[in-house]
Amino acid sequence: MNKQTETLLVNQVEREFYSAYLYLAISNFYEEKGLIGFGSWFRKQAEEEKGHALKFLDYLHKEGRAVPLKDIKAPSAEFKELREPLALQLSHEKVVTGLIDGIYASALADADTRTQSFLRQFIDEQAEEEETAAVLLGKFDMLSESKVGLYLLDKELGKRE
């Protein structure tokens with residue numbers, strides 16, 4: 001593994017923890033608005049992102065690399081409307097996809113097949129994350145004008161395991 005790939009992987013640990021922190025902030029926002037299903041969905045999303053961070057950490061350790069932990073910047077949780085966090089989620093997932101693609105490109109340029117293999121799970125995951133975020137935003141746009149629609153969407157999101 002070249003130094004650039006190592007640095008990008010180490011940075012990704014912090015970015016995955018930031019994602020978890022961001023989704024926890026979104027969960028808090030929805031909980032405080034009384035949308036318990038939305039809050040629960042984003043709390044589970046935060047846990048998933050934390051798991052991703054730990055996978056990157058474990059991979060680096062398996063490869064014999066040190067992983068200095070960095071400060072996690074608090075995300076801005078100043079949302080003015082219910083749609084805003086959903087749009088933020090979609091744009092954030094696109095940023096994360098770009099980061100993963102950058103790490104993969106570095107590993108590819110170095111013929112680092114182990115890191116390429118490790119990253120494939122995240123490439124697949126990001127395609128799923130972007131699709132899920134886009135579908136959720138679309139459902140919100142379709143249903144949110146109706147209090148009943150918003151209620152039903154909240155109930156649906158609360159069923160996430």
- request: I would like to know whether Leu86 and Asp141 meet side chain to side chain contact (heavy atoms under 4.5 Å, CB included); could you show each step before the answer?
  value: CA-CA 10 Å; Leu86 300 173; Asp141 287 343; over 6 Å; no
task: Please test Leu157 against Leu35 for side chain to side chain contact (heavy atoms under 4.5 Å, CB included), starting from the C-alpha separation and ending with a verdict.
output: CA-CA 10 Å; Leu157 292 177; Leu35 292 168; over 6 Å; no
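By the ring-ring contact (aromatic ring centres under 6.0 Å, His included) test, Phe29 is found to be paired with Phe79, residues two or more places apart in sequence or in another chain being considered. For Lys50, the salt bridge (Lys or Arg N to Asp or Glu O under 4.0 Å) criterion is met by Glu47, not counting sequence neighbours. Considering only residues two or more places apart in sequence or on other chains, Glu31 meets the salt bridge (Lys or Arg N to Asp or Glu O under 4.0 Å) condition with none of them. Applying the side chain to side chain donor-acceptor pair (under 3.5 Å) rule to Ser19 yields the partners His92; only residues at least two apart in sequence or on another chain are considered. Under the rule for a ring-ring contact (aromatic ring centres under 6.0 Å, His included), the partners of Phe38 that lie at least two apart in sequence or sit in another chain are Tyr30. With sequence neighbours excluded, no residue forms a salt bridge (Lys or Arg N to Asp or Glu O under 4.0 Å) with Arg120. Here Glu48 pairs with Arg160 under the salt bridge (Lys or Arg N to Asp or Glu O under 4.0 Å) rule; sequence neighbours left out.
Counting only residues at least two apart or in different chains, ring-ring contact (aromatic ring centres under 6.0 Å, His included) contacts with residues 121-141 comprise His52-Phe122, Phe56-Phe122, Phe118-Phe122.
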Just distance, no hydrogens or angles: give the donor-acceptor pairs under 3.5 Å from side chains in residues 58-66, sequence neighbours left out.
residue : atom : partner : partner atom : Å
Tyr59   : OH   : Thr115  : N            : 3.1
Tyr59   : OH   : Thr115  : OG1          : 2.7
Glu63   : OE1  : Arg114  : NE           : 3.3
Glu63   : OE1  : Arg114  : NH2          : 2.9
Glu63   : OE2  : Arg114  : NE           : 3.2
Arg65   : NE   : Glu63   : O            : 3.4
Arg65   : NH1  : Glu6    : OE1          : 2.8
Arg65   : NH2  : Met1    : O            : 3.4

For residues 124-133, which side-chain donor-acceptor pairs fall under 3.5 Å, sequence neighbours excluded?
residue : atom : partner : partner atom : Å
Gln126  : NE2  : Glu93   : O            : 3.1
Gln126  : NE2  : Glu93   : OE1          : 3.0
Gln126  : NE2  : Thr97   : OG1          : 3.2
Glu129  : OE1  : Gln45   : NE2          : 2.8
Glu129  : OE2  : Gln45   : NE2          : 3.4
Glu130  : OE2  : Thr97   : OG1          : 2.5
Thr132  : OG1  : Glu128  : O            : 2.9

Please output the side-chain donor-acceptor pairs of residues 11-18 that fall under 3.5 Å, not counting sequence neighbours, one pair per line with the distance.
residue : atom : partner : partner atom : Å
Asn11   : OD1  : Lys70   : NZ           : 2.2
Asn11   : ND2  : Thr7    : O            : 3.4
Gln12   : NE2  : Glu16   : OE2          : 2.8

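In plain terms, the two heavy atoms of Gly39 and Ser27 that are nearest each other are O-OG, 2.7 Å. Residue Ile26 comes nearest to Pro85 through the heavy atom pair CG2-CB, 3.6 Å, listed as atom of the first residue, atom of the second, then distance. Here the closest non-hydrogen pair linking Gly158 and Ser40 is O-OG, 4.5 Å.
Transitive grouping of hydrophobic side chains (ILVMFWY, heavy atoms separated by less than 4.5 Å) keeps Leu90 and Val135 in distinct clusters. Under the 4.5 Å side-chain contact rule for hydrophobic residues, Val95 and Phe42 do not share a cluster. Under the 4.5 Å side-chain heavy-atom criterion for grouping Ile, Leu, Val, Met, Phe, Trp and Tyr, Leu88 is connected to Ile72 within one hydrophobic cluster. One hydrophobic cluster, built from ILVMFWY side chains closer than 4.5 Å, cannot hold both Ile36 and Tyr23; they sit in different ones. Linking ILVMFWY residues whenever their side-chain heavy atoms come closer than 4.5 Å, directly or via other members, places Leu137 and Leu22 in the same cluster.
In this structure, CG in Leu57 is found 11.0 Å from CG in Leu9, a value given to the nearest 0.5 Å. With rounding to the nearest 0.5 angstrom, the CD1 atom of Ile103 is 10.0 Å from the CD atom of Gln4. A distance of 8.5 Å separates CG in Leu8 from CG in Asn2, rounded to the nearest 0.5 Å. The OG atom of Ser106 sits 12.5 Å away from atom CG of Asp101, with the distance rounded to the nearest 0.5 Å.
At most 12 non-hydrogen atoms from other residues, nucleotides or ligands lie less than 6.0 angstrom from CD of Glu78. Heavy atoms from other residues, nucleotides or ligands lying under 6.0 Å from NZ of Lys44 number more than 12.
Side-chain contacts under 4.5 Å among hydrophobic residues (ILVMFWY), followed directly or transitively, place Leu152 together with Val148, Tyr151.
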